[in-house]
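Working notes, beginning with the structure itself.
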Amino acid sequence: MELTRTADLWWKTAIVYCLDVETFFDSNGDGHGDFRGLAQKIDYLDRLGVTCVWLMPFYPSPDRDDGYDITDFYNVDPRLGTLGDFVEFLRTARDRGIRVIADLVVNHTSDQHPWFQSAREGPDSPYHDWYVWQDKPPAGAEKGIVFPDKETSLWTYDRKAKQYYLHRFYKHQPDLDVANPAVRDEIARVMGFWLELGLSGFRVDGVPFLLDTAGSDAAKDLPDPHEYLADLRAFLGRRRGDAVMLGEVNLPYKETMKFFGDGGGVADELTMCFDFIGMQKMYLSLARGDAGPLASALRKRPLPPRDGHWATFVRNHDELTLDKLTESERQEVFDAFGPDKDMQLYGRGLRRRLPSMVDGDERRVRMVYSLLYSLPGCPVLFYGEEIGMAEDLRAEGRLAVRTPMQWSPGRNGGFSTADPSELPGPIPEGRFGPEHVSVSAQEGDQDSLHSWIRLLIDRYRESPELAWGRYEVLDTGEPSVLAHRCDIDGTVVVLHNLADRAVSPEITLDDVDDSHLLVDLLHSGELPVSEKGVATVNLEPYGCRWLRVTDR
Ligand code: NOJ
């Protein structure tokens, strides 16, 4: 590998860790996690092998959508600290070689944002045109509602403005009008502000909604929305050459590809897109104990243009969406992993984390994270996954999977010394609560899930084939096994058994013969290969192997 490429395209080998400052660690005992607390935990993240922290929204907010409803894009919510604390945290992270990206939520503001409050005054307000207004909601206003449990239309009447405003999400989140050049300028200013303080880029919220200006009268004068996204990326690059935009685009592959852009074969819009399709097919495969759906998604998944990359994940902070499966496929996943109505959300997803979905079967949990770190793409971990935290269904909606980080057994799971009633969410009880699942119990234990994840991260970082290589899904003749190989200046072959029975699939590696061996990267040992490049790999129930081709 060329060193300059590996160093510059840092996102290709990044280990991303998503967290919410509010639920990570409370340094002053007021019940809320804060930037000072997070700074104290940087060494923990460093030891785990994290190279990039993704901060969920930390801006001032009435907190009606867990911070995704912002009232000031240029500040830190006082519950979480000050801008000074933010910069100290950033500096500490940089000292450990950890980059930081943050949520950029500019599709909408909170309805409490001073811009919207002014906009409501009517057309004389300088901010009126920053939002999307109409005298009457257009036809189809009830189509494409994101939160059907709370909303019935994309348009809500504002008594003061005497007009309807567009909101893709909750009615307390009016959409900004990116067709308006003043709004575009302001979005760039927001990005420039945080880049100047040291961010390495953004996770861009709801990208297709942000670009959709269909409700706006100004839209007809607009260039292609993708030109706008390319403009934004170019601006980002001018301000900070190595900064990235990691986009939330939950669309079929073909449509998602457009969001990478294609500036002469180079990704000139989003640097990375989450692989929502692969994630959903993975759960279908897990539910069936059949690698087929995942294998076929990986075979169909297009290659991003140069320098672009997919971002892979097992769990994010939202409902585990299954919206791109067919109704019967979704039902299969519901039946396997979340049969109770209370575990499901919006009719399309689950509000559970993986360990409880598989009834605490750690073999399965370990195998899934082995998939995460070996499938091609930038692996993104959601806080607490490394210790096997589960959800707490007592919390409302998606908050079930956003409970405080479990640092140790005992009061509040070591997250805060405050009275439990002051915490941002409940602390799970029972088998997945901090008495059984915590950092302190697992960090020093070689056999823990935490140590397993650390091993996977280490091996991933040592295996450029996985991050940089061409990949190919291999046929094994064994339906429960996903086998793939990754090649670049070397070859790594990876196998996963999605079923609860031992299997011994055969793989054939065309360019390999009996002068080679397959060295096991996760467990010790090696496997022979025949003259014709055939190897038999024993896999335990839910077992996995990472094998590097080496000269005998
Ligand atoms: C997408 C975020 O992931 C989600 O949590 C949020 O509710 C919506 N955008 C609205 O901001």
Problem set entry | Name of the residue among Leu495, Asn538, Thr536 meeting side-chain contact (heavy atoms from CB on, under 4.5 Å) with Pro505 | Leu495
Exercise. Out of Arg64, Lys150, Arg402, which residue meets the salt bridge (Lys or Arg N to Asp or Glu O under 4.0 Å) rule with Glu396?
Worked result: Lys150
For this session: To the nearest 0.5 angstrom, please state how far the CG atom of Leu372 sits from the CG atom of Leu381.
Result: 6.5 Å
For this session: For Leu320 and Arg353, run side-chain contact (heavy atoms from CB on, under 4.5 Å): C-alpha distance rounded to whole Å, both residues' side-chain angles, the deciding distance at 0.1 Å, then the answer.
Result: CA-CA 8 Å; Leu320 176 80; Arg353 284 181 179 243; over 6 Å; no
Problem set entry | Member of Glu329, Glu319, Glu327 meeting the salt bridge (Lys or Arg N to Asp or Glu O under 4.0 Å) criterion with Arg348 | Glu319
Problem set entry | Non-hydrogen atoms of Leu393 and Met343 that approach each other most closely | CD1-CG, 3.9 Å
Exercise. Hey, does Thr23 have a side-chain heavy atom less than 4.5 Å from the side chain of Thr403?
Worked result: no
Seminar exercise, completed: Shortest non-hydrogen pair, Arg431 vs Gly360, comes out as NH2-CA, 3.6 Å
For this session: Calculate, to the nearest 0.5 Å, the distance between atoms CG and CE belonging to Asp275 and Met282 respectively.
Result: 10.0 Å
Problem set entry | Distance-minimising heavy-atom pair for Leu229 and Met245 | O-CE, 4.1 Å
Exercise. Do His317 and Asp20 have side-chain heavy atoms sitting under 4.5 Å apart?
Worked result: no
For this session: For the pair Asp475 and Arg299, find out whether any cationic side-chain nitrogen is under 4.0 Å from an anionic carboxylate oxygen.
Result: yes
Exercise. Looking only at atom types and distance, does a side-chain atom of Arg203 sit under 3.5 Å from a main-chain N or O of Leu55, one as donor and one as acceptor?
Worked result: no
Exercise. With a 4.5 Å limit on heavy-atom distance, are the side chains of His167 and His108 in contact?
Worked result: no
Exercise. Can you find a heavy atom in the side chain of Tyr542 that is under 4.5 Å from one in the side chain of Asn497?
Worked result: no
For this session: Go through Ile277 and Lys300 one step at a time and tell me if the side-chain contact (heavy atoms from CB on, under 4.5 Å) criterion holds.
Result: CA-CA 10 Å; Ile277 303 297; Lys300 284 188 199 137; over 6 Å; no
Exercise. For Glu391 and Ser356, what are the C-alpha separation, side-chain angles and deciding distance, and is it a side-chain hydrogen bond (donor to acceptor under 3.5 Å, both in side chains)?
Worked result: CA-CA 8 Å; Glu391 70 285 347; Ser356 48; 2.5 Å; yes
Problem set entry | Leu423 and Phe415: CA distance, side-chain angles, deciding distance, side-chain contact (heavy atoms from CB on, under 4.5 Å) verdict | CA-CA 9 Å; Leu423 305 186; Phe415 159 73; 4.0 Å; yes
For this session: Would you please test Arg233 and Asp268 for salt bridge (Lys or Arg N to Asp or Glu O under 4.0 Å) and show each step?
Result: CA-CA 7 Å; Arg233 174 69 185 278; Asp268 65 348; over 6 Å; no
Exercise. Would you call Leu246 and Ile101 a side-chain contact if the rule is heavy atoms closer than 4.5 Å?
Worked result: yes
For this session: Kindly indicate whether the side chain of Leu518, heavy atoms from C-beta on, has any atom under 4.5 Å from the side chain of Glu526.
Result: no
For this session: Please confirm whether Arg459 makes a cation-pi placement over Trp546, using NZ or CZ under 6.0 Å from the six-membered ring centre and within 45° of the ring normal.
Result: no
Exercise. Between the side chain of Arg315 and the main-chain N/O of Asp318, is any donor-acceptor distance below 3.5 Å?
Worked result: yes
For this session: Look at atom CD of Glu540 and say whether more than 12 heavy atoms of other residues, nucleotides or ligands are closer to it than 6.0 Å.
Result: no
Problem set entry | Proximity of Phe260 and His226 rings by center, below 6.0 Å | no
Problem set entry | Derivation of the salt bridge (Lys or Arg N to Asp or Glu O under 4.0 Å) call for Arg288 and Glu332 | CA-CA 8 Å; Arg288 289 183 180 169; Glu332 278 181 68; 2.8 Å; yes
Problem set entry | Option from Tyr44, Trp407, Tyr369 for which ring pair (Phe, Tyr, Trp, His ring centres under 6.0 Å) with His450 holds | Tyr44
For this session: Mind checking the OH-SG spacing from Tyr17 to Cys52? Nearest 0.5 Å is all I need.
Result: 13.0 Å
For this session: Please confirm whether the backbone N or O of Gly338 pairs with a side-chain atom of Gln344, one donor and one acceptor, at under 3.5 Å?
Result: yes
Problem set entry | Spacing of CD belonging to Glu478 relative to OG belonging to Ser504, to within rounding of 0.5 Å | 8.5 Å
Exercise. Looking at CG of Asn250 and CG of Asp323, how far apart are the two atoms once the value is rounded to the nearest 0.5 Å?
Worked result: 4.5 Å
For this session: Measure the shortest side-chain to side-chain distance between Gln406 and Phe432 over non-hydrogen atoms and say whether it is less than 4.5 angstrom.
Result: no
Exercise. If every non-hydrogen atom of Asp511 is compared with every non-hydrogen atom of His516, which pair is closest and at what distance?
Worked result: O-CE1, 4.2 Å
Problem set entry | Residue pair Leu498 / Ser285: nearest heavy atoms and the distance that separates them | CD2-CB, 3.5 Å
Exercise. Of the non-hydrogen atoms in Ser438 and Pro434, which two are nearest, and what is the gap between them?
Worked result: CB-O, 3.7 Å
Problem set entry | Main-chain N/O of Asp447 paired to Ser451 side chain as donor or acceptor, under 3.5 Å | no
Problem set entry | With sequence neighbours excluded, residues passing side-chain contact (heavy atoms from CB on, under 4.5 Å) with Asp63 | Glu22, Ser61, Asp66, Arg79
Exercise. Rounded to the nearest 0.5 Å, how far does OH of Tyr471 lie from CD1 of Ile488?
Worked result: 14.5 Å
Exercise. Donor-acceptor pair, Glu385 side chain versus Phe382 backbone, under 3.5 Å?
Worked result: yes
Exercise. Stepwise, does the side-chain hydrogen bond (donor to acceptor under 3.5 Å, both in side chains) test hold for Asp175 with Asn107?
Worked result: CA-CA 6 Å; Asp175 274 27; Asn107 170 70; 3.3 Å; yes
For this session: Establish, from distance only, whether the side-chain atoms of Ser370 and His496 form a donor-acceptor pair under 3.5 Å.
Result: yes
For this session: For residues Met272 and Trp310, determine if any side-chain heavy atom of one lies less than 4.5 Å from a side-chain heavy atom of the other.
Result: no
Exercise. In chain order, what residues pass the ring-ring contact (aromatic ring centres under 6.0 Å, His included) check against Trp155, with sequence neighbours excluded?
Worked result: none
Problem set entry | Short side-chain to backbone donor-acceptor contact, Arg330 and Lys324, under 3.5 Å | no
For this session: For residues 271-308, pull every pair meeting ring-ring contact (aromatic ring centres under 6.0 Å, His included), keeping only residues two or more places apart or in separate chains.
Result: Trp54-Phe274, Phe274-Phe313, Phe276-Phe313
For this session: Using the salt bridge (Lys or Arg N to Asp or Glu O under 4.0 Å) rule, take Arg168 and Asp212 through it: C-alpha gap first, then chi angles, then the decisive distance, then the call.
Result: CA-CA 10 Å; Arg168 288 293 176 166; Asp212 181 1; 2.7 Å; yes
For this session: Run the numbers on Lys12 and Asp307 for salt bridge (Lys or Arg N to Asp or Glu O under 4.0 Å), then give the verdict.
Result: CA-CA 8 Å; Lys12 292 241 176 178; Asp307 299 352; 5.5 Å; no
Problem set entry | Evaluation steps, side-chain contact (heavy atoms from CB on, under 4.5 Å), between Glu142 and Leu154 | CA-CA 6 Å; Glu142 63 298 324; Leu154 300 180; over 6 Å; no
For this session: For Glu465 and Thr491, test the side chains for any donor-to-acceptor distance below 3.5 angstrom and give the result as yes or no.
Result: no
